[in-house]
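Data block below; observations after.
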Protein chains: 2
Amino acid sequence: MDNIAFASHDHRACIKTGIEAVAKYCAAQKLQFTPLRRRALEILLHEHRAMGAYDVLDHLRRDGLGSQPPVAYRALDFLVSHGFAHKIERLNAFIACARPGQDHTPAFLICRICDAVAEAQLEPSRGMLGRAAEETGFTIEQAVTEAIGLCPNCAKDIQ
Amino acid sequence: MDNIAFASHDHRACIKTGIEAVAKYCAAQKLQFTPLRRRALEILLHEHRAMGAYDVLDHLRRDGLGSQPPVAYRALDFLVSHGFAHKIERLNAFIACARPGQDHTPAFLICRICDAVAEAQLEPSRGMLGRAAEETGFTIEQAVTEAIGLCPNCAKDIQ
DNA sequence: TGATAAATGTTACCTTATAACATATCAACC
DNA sequence: GGTTGATATGTTATAAGGTAACATTTATCA
């Protein structure tokens, strides 16, 4: 489990290694990791929370990198489609992936107070779900779990 | 697993028993199952697919039951908050619950071609996710899984 | 039956997302 | 090294999804 979102840590290093991992993967796969896309990922990495596309756009604008919604959505689509970021449907928001470039089945723990999001990994073929799909002849291509609840910090504050 | 969404069946009975189960539950819990809310549920039950709030609103309008978005959203909120319907975040859409009134942890099998949705049940405390949450001190209040893929009908057509 | 709460009606608006087309940049091959 | 086809970015306009705020009506129950 990746609990980094809920714990303090060396955040600068965290951004740096995230970017480097993706840069390396893109080089290997001949994907264009353009300044715009790189910056979008940096923006997401800078927070350990999900950010709305328009929030990302605001940051991009300040940096003089695109100012209209499609610019942000396209950069985010690139990141999501290659697994460098995830979309948290529940929040209509995006978050940098904790395991970029590695094939995985993510689950998200979303704090309903502060919106912090932690990414956990599930086994690709989850028991009951896989069985249920098999029984009906449904072919699962991708599965995402979103859990809502309280992060340790907010749980502490709430009592 | 509830595979009814992918198989032919007596649909009229299906709507009737769905409404009756909810009506009974509401009576027992002293919830107001008003004509508007009942109609909204009927609309959802009529399809075994997720419907957008504005689609539901269109139907309500035709029936002379409210014509503005908040009317539909409030009826849907009522249904969702009491577990009579679910929101499919991935589709920004709503679907009648297959197990109304019963406490459950749903998973959805969403066909990416025809948008049909089947509801499966998972054990509330899923192995890896529960463990991951425990490790970080995250308290899960609710978890939803959405699986994207191909329903048997569309899988057949696609080759 | 009157007081209170719950539900519905209505206006106005905000947020999220995309279609469509123009322009610029890249990749790679001759 | 210039041409060409593909990929990426810029820009306008608008579609789709969702809610705040307040007025009015309907239910609940003392």
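Only a predicted model underlies this, so the values are computations on that prediction, with no experimental measurement involved. Convention: sequence-line order gives letters A, B, ...; per-chain numbering from 1.
Residues passing the salt bridge (charged side-chain N to carboxylate O under 4.0 Å, His left out) test with K16(B) are E20(B), sequence neighbours excluded. When the side-chain contact (heavy atoms from CB on, under 4.5 Å) test is applied to E134(A), no partner is found at least two apart in sequence or on another chain. With sequence neighbours left out, Q142(B) forms a side-chain hydrogen bond (donor to acceptor under 3.5 Å, both in side chains) with R90(A). In terms of the salt bridge (charged side-chain N to carboxylate O under 4.0 Å, His left out) criterion, residue partners of E47(A) (sequence neighbours excluded) are, by chain and number, R49(A).
Each end of the helix from dT1(C)-dA30(D) to dC30(C)-dG1(D) gets its own axis from five base pairs, and the two axes differ in direction by 30°, given to 10 degrees.
Counting all heavy atoms, side chain and backbone alike, V80(A) lies closest to K87(A) at CG2-N, 4.2 Å. Taking each heavy atom of P100(A) and V22(A) in turn, the nearest pair found is CB-CG2, 3.8 Å.
Each of Q32(A) and G52(B) has a nearest nucleotide on DNA chain D; the 5'-most of these lies closest to Q32(A).
Side-chain contact between V144(A) and E146(B): absent, with no pair of heavy atoms (C-beta onward) separated by less than 4.5 Å. Between F84(B) and L31(B) there is a side-chain heavy-atom pair separated by less than 4.5 Å. A heavy-atom distance below 4.5 Å is not found between the side chains of M51(B) and H46(B).
Chain B approaches DNA chain D within less than 4.0 angstrom (heavy atoms of the protein), and the contacting nucleotides run 5' to 3' from dG17(D) to dA27(D). Once you apply a 4.0 Å limit to the heavy atoms of chain A, the touched nucleotides of DNA chain C run 5' to 3' over dT16(C) to dC26(C).
Hydrophobic clustering (ILVMFWY, side-chain heavy atoms < 4.5 Å, transitive): L45(A) and Y25(A) are in one cluster.
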Distance-only check: which donor-acceptor pairs under 3.5 Å involve side-chain atoms of residues 109-116 of chain A, not counting sequence neighbours?
unit_1  : atom_1 : unit_2  : atom_2 : d
R112(A) : NE     : E141(B) : OE1    : 2.6
R112(A) : NE     : E141(B) : OE2    : 3.3
R112(A) : NH2    : E141(B) : OE2    : 2.9

Under 3.5 Å, which donor-acceptor pairs do the side chains of residues 61-71 of chain A form with other protein atoms, sequence neighbours left out?
unit_1 : atom_1 : unit_2 : atom_2 : d
R61(A) : NH1    : S67(A) : O      : 2.5
R61(A) : NH2    : D58(A) : OD1    : 3.3
D63(A) : OD2    : R39(A) : NE     : 2.5
D63(A) : OD2    : R39(A) : NH2    : 3.1

* Asked: Would F33(B) and F78(B) satisfy ring-ring contact (aromatic ring centres under 6.0 Å, His included), going step by step from the backbone distance to the final call?
  -> CA-CA 9 Å; F33(B) 194 40; F78(B) 170 84; 7.0 Å; no
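Pairs engaging residues 97-119 of chain B under the ring-ring contact (aromatic ring centres under 6.0 Å, His included) rule: H86(B)-H104(B), H86(B)-F108(B) [sequence neighbours left out].
Looking only at distances, a side-chain donor or acceptor of R37(A) sits under 3.5 Å from a matching main-chain atom of Q32(A).
Looking at residues 77-96 of chain B, you'll see that no heavy atom sits under 4.0 Å from any atom of DNA chain C. At a non-hydrogen distance threshold of 4.0 Å, G66(A), Q68(A), P70(A), V71(A), R74(A) from residues 57-76 of chain A come into contact with DNA chain D.
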